[in-house]
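A short worksheet on the structure shown next.
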There are 2 protein chains.
Amino acid sequence: MTPGGPAISRAARPRPVPSQATGLNARDRAYHDLRYRILTGRLAPGTTLLETELAALLGLSRTPVREAAIRLAEEGLVSIRPRHGVTVVDLTLVDFRDILDVFSALEVRAVALAASRPVEPAAREALVQLVQKMERATAEGDIARWSDLDDDFHSTLVGLCGNPRLQRTIGEYWGLQYRGRRLILTHRPLPTASDTEHRVILDAVLSGDVAAAHAGHLAHRARADRVQLALLHRVLSPAEPPVLPILPSDKELT
Amino acid sequence: MTPGGPAISRAARPRPVPSQATGLNARDRAYHDLRYRILTGRLAPGTTLLETELAALLGLSRTPVREAAIRLAEEGLVSIRPRHGVTVVDLTLVDFRDILDVFSALEVRAVALAASRPVEPAAREALVQLVQKMERATAEGDIARWSDLDDDFHSTLVGLCGNPRLQRTIGEYWGLQYRGRRLILTHRPLPTASDTEHRVILDAVLSGDVAAAHAGHLAHRARADRVQLALLHRVLSPAEPPVLPILPSDKELT
DNA sequence: CCCCTCGCTCATGTATACATTACGAGAGGC
DNA sequence: GCCTCTCGTAATGTATACATGAGCGAGGGG
């Protein structure tokens with residue numbers, strides 16, 4: 001692991017935050033704590049809290065909580081309405097489409113960059129392991145585990161791109177799309193296509209084939225996004241007709 | 001102009017901020033004021049100020065200034081070192097490469113999206129006008145004016161993409177690359193290639209040819225970024241050998 | 001019965017107060 | 001002369017105080 005590099009996107013992941021992790025100042029604690037609660041659904045979309053209530057919830061004064069809320073608002077996870085408090089943003093299907101669009105564009109770029117650089121043996125090994133574990137999870141039908149591994153695979157890949165700003169921005173969009181992933185977790189089909197595509201992408205990255213990595217990941221993301229949006233459509237608006245002018249057509253931008 | 005849409009990236013532009021624009025709260029004033037000063041060079045890279053000094057400079061108390069500084073730090077324009085104050089980030093050539101890489105990836109996506117949607121007559125007209133004005137500026141050798149128009153052209157195009165989050169993130173990266181553009185302003189050759197490419201891109205967007213818009217803008221950005229980085233190399237490290245392993249090779253990712 | 005206005009409350013935005021602790025200077029030792 | 005340890009200062013991080021003005025309800029008018 002390159003020090004300082006992958007740490008950004010990793011630190012943005014919600015899992016390793018046990019809420020009272022010390023060593024941070026109150027503002028960062030508030031930020032991570034709230035982000036964790038939002039991403040994991042402990043703070044449901046639509047929930048509204050006043051700054052005072054947030055401060056009481058976290059056992060802090062308004063100042064650090066307020067600064068954390070501002071940060072979350074800029075990230076797009078909450079919205080602050082001056083007299084109405086801080087509301088956890090409830091993302092629509094269109095929002096998810098927009099988010100995935102940006103996220104994918106950035107990730108494709110990151111993977112192409114990763115392919116253009118040498119990959120350290122440790123990272124190679126980790127990626128290979130991840131792909132194998134995912135295939136095993138698929139075989140066992142353990143979608144939740146597969147999804148976590150998939151997150152790891154993608155963020156590890158992105159961590160190799162060598163562009164810290166790109167990593168940071170991807171981390172932000174990762175947080176935005178994360179709740180969508182969780183929403184459809186129980187509705188996913190077996191991700192055999194993803195597993196196949198992952199192998200292709202990994203081979204391209206490890207062999208330094210930039211064009212193949214770019215094309216492979218672009219195709220992977222385009223397909224995976226279409227699937228995810230279709231499933232989200234079912235979850236978010238089950239009553240509506242299945243017509244989806246929202247979804248990008250199959251061949252565009254290849 | 002779609003209300004709320006292009007306003008984001010436009011509002012992020014530095015020009016229309018006369019520093020004492022009222023109607024905003026102190027935090028936003030501090031943010032816009034500082035951002036304006038940084039982008040235009042009034043606050044030079046490397047400048048360090050304590051929170052107290054910033055507050056005095058802007059005639060505000062520490063609280064809103066601090067919140068603005070945090071926002072600028074997240075954007076990457078300043079760095080906050082706990083006991084040392086707020087420092088205007090001095091970007092290196094590598095930073096500019098990284099920034100342009102993200103910026104271009106996002107802009108290419110935005111232009112492709114713009115091509116996939118109908119363009120209102122007013123916007124069509126505005127874009128055509130801009131291209132013509134740029135060609136005139138090129139003919140007259142007025143590079144500064146051309147550069148401003150180029151900014152307008154690109155941001156207008158991005159404003160058509162219909163993805164507000166994409167626009168917002170592009171606006172952030174626009175701010176990061178802006179100082180680089182200014183640095184090389186006096187060193188630019190006549191932008192005849194850009195003018196040609198702009199026509200191609202505009203035609204593709206107006207006719208709804210997504211693939212052509214994508215390819216055209218990708219090529220445009222790749223070439224323009226190479227030129228910009230080469231010029232930045234001269235300006236930032238004039239003594240060093242002209243070897244640039246940093247620059248992307250000509251054909252990658254096409 | 002509905003709408004409009006007036007007034008009050010209280011959430012926020014900003015200012016200020018206070019405690020902590022990192023940094024640097026200075027002295028002392030090697 | 002150089003390195004180290006200690007101590008004081010002061011910048012920040014956090015808490016609190018305070019003024020403003022927006023939103024909501026009550027009451028009155030149509």
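A note on names: the letters A, B, ... follow the listed sequences, proteins ahead of strands, and every chain is numbered from 1. Values reported hereafter were calculated over all heavy atoms of this structure, with side chains retained and with hydrogens, waters and symmetry mates removed.
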Taking [atom1] from [X] and [atom2] from [N], how many angstroms apart are they, rounded to a whole number?
X: B:Arg66; N: D:dA11; atom1: CZ; atom2: C1'; answer: 11 Å
X: B:Leu54; N: D:dT12; atom1: CG; atom2: C1'; answer: 13 Å
X: B:Arg29; N: C:dG13; atom1: CZ; atom2: C1'; answer: 11 Å
X: B:Glu53; N: D:dT12; atom1: CD; atom2: C1'; answer: 13 Å
X: A:Tyr31; N: D:dG13; atom1: OH; atom2: P; answer: 17 Å
X: A:Ile80; N: C:dA11; atom1: CD1; atom2: C1'; answer: 13 Å
X: A:Arg83; N: C:dC8; atom1: CZ; atom2: P; answer: 16 Å
X: B:Arg81; N: C:dG24; atom1: CZ; atom2: P; answer: 10 Å

### Query
Under a 4.0 Å heavy-atom cut-off, which of residues 67-79 of chain A touch DNA chain C?
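Nothing qualifies; none.
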Less than 4.0 Å between a side-chain N and a carboxylate O, is that true for [Y] and [X]?
X: A:Asp225; Y: A:Arg97; answer: no
X: A:Arg71; Y: A:Asp28; answer: yes
X: A:Asp101; Y: B:Arg165; answer: no
X: B:Asp33; Y: B:Arg37; answer: yes

Problem set entry | For B:Asp151, the option from B:Arg181, B:Arg182, B:Arg145 that meets salt bridge (charged side-chain N to carboxylate O under 4.0 Å, His left out) |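 Result for salt bridge (charged side-chain N to carboxylate O under 4.0 Å, His left out) with B:Asp151: B:Arg181.
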Exercise for review: Please tell me which of A:His84 and B:His84 maps to the more 5' nucleotide of DNA chain D, matching each residue to the nucleotide holding its nearest heavy atom.
Suggested key: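 The 5'-side residue here is B:His84.
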Item to complete: Go through C:dA11, C:dT21, D:dT14 for me and flag the one nearest to the A:Arg27 side chain.
Response: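 Taking heavy atoms from C-beta onward, the closest nucleotide is D:dT14.
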**Report entry** B:Tyr173 and B:Glu75 side chains, donor-acceptor separation under 3.5 Å
**Finding:**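 Not at all, the side chains of B:Glu75 and B:Tyr173 share no donor-acceptor pair under 3.5 Å.
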**Asked** Do you see a donor-acceptor pair shorter than 3.5 Å between the side chains of A:Ser147 and A:Asp150?
**Response**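 A:Asp150 and A:Ser147 do not have a side-chain donor-acceptor pair below 3.5 Å.
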Pairs flagged by salt bridge (Lys or Arg N to Asp or Glu O under 4.0 Å) wherever residues 47-60 of chain B is involved - sequence neighbours left out =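 Output for this query lists B:Glu51-B:Arg62, B:Glu51-B:Arg66.
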Which atom pair, heavy atoms only, marks the closest approach of B:Leu39 to B:Gly175?
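In terms of heavy atoms, the two residues are closest at CD2-O, 3.2 Å.
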Could you pull out the protein-nucleic contacts involving nucleotides 15-19 of chain C (nitrogen or oxygen on both sides, under 3.5 Å)?
from	atom 1	to	atom 2	distance (Å)
C:dA15	OP2	B:Ser61	N	2.7
C:dA15	OP2	B:Ser61	OG	2.6
C:dA15	O5'	B:Ser61	OG	3.3
C:dA15	N7	B:Thr63	OG1	2.9
C:dT16	O4	B:Thr63	OG1	3.3

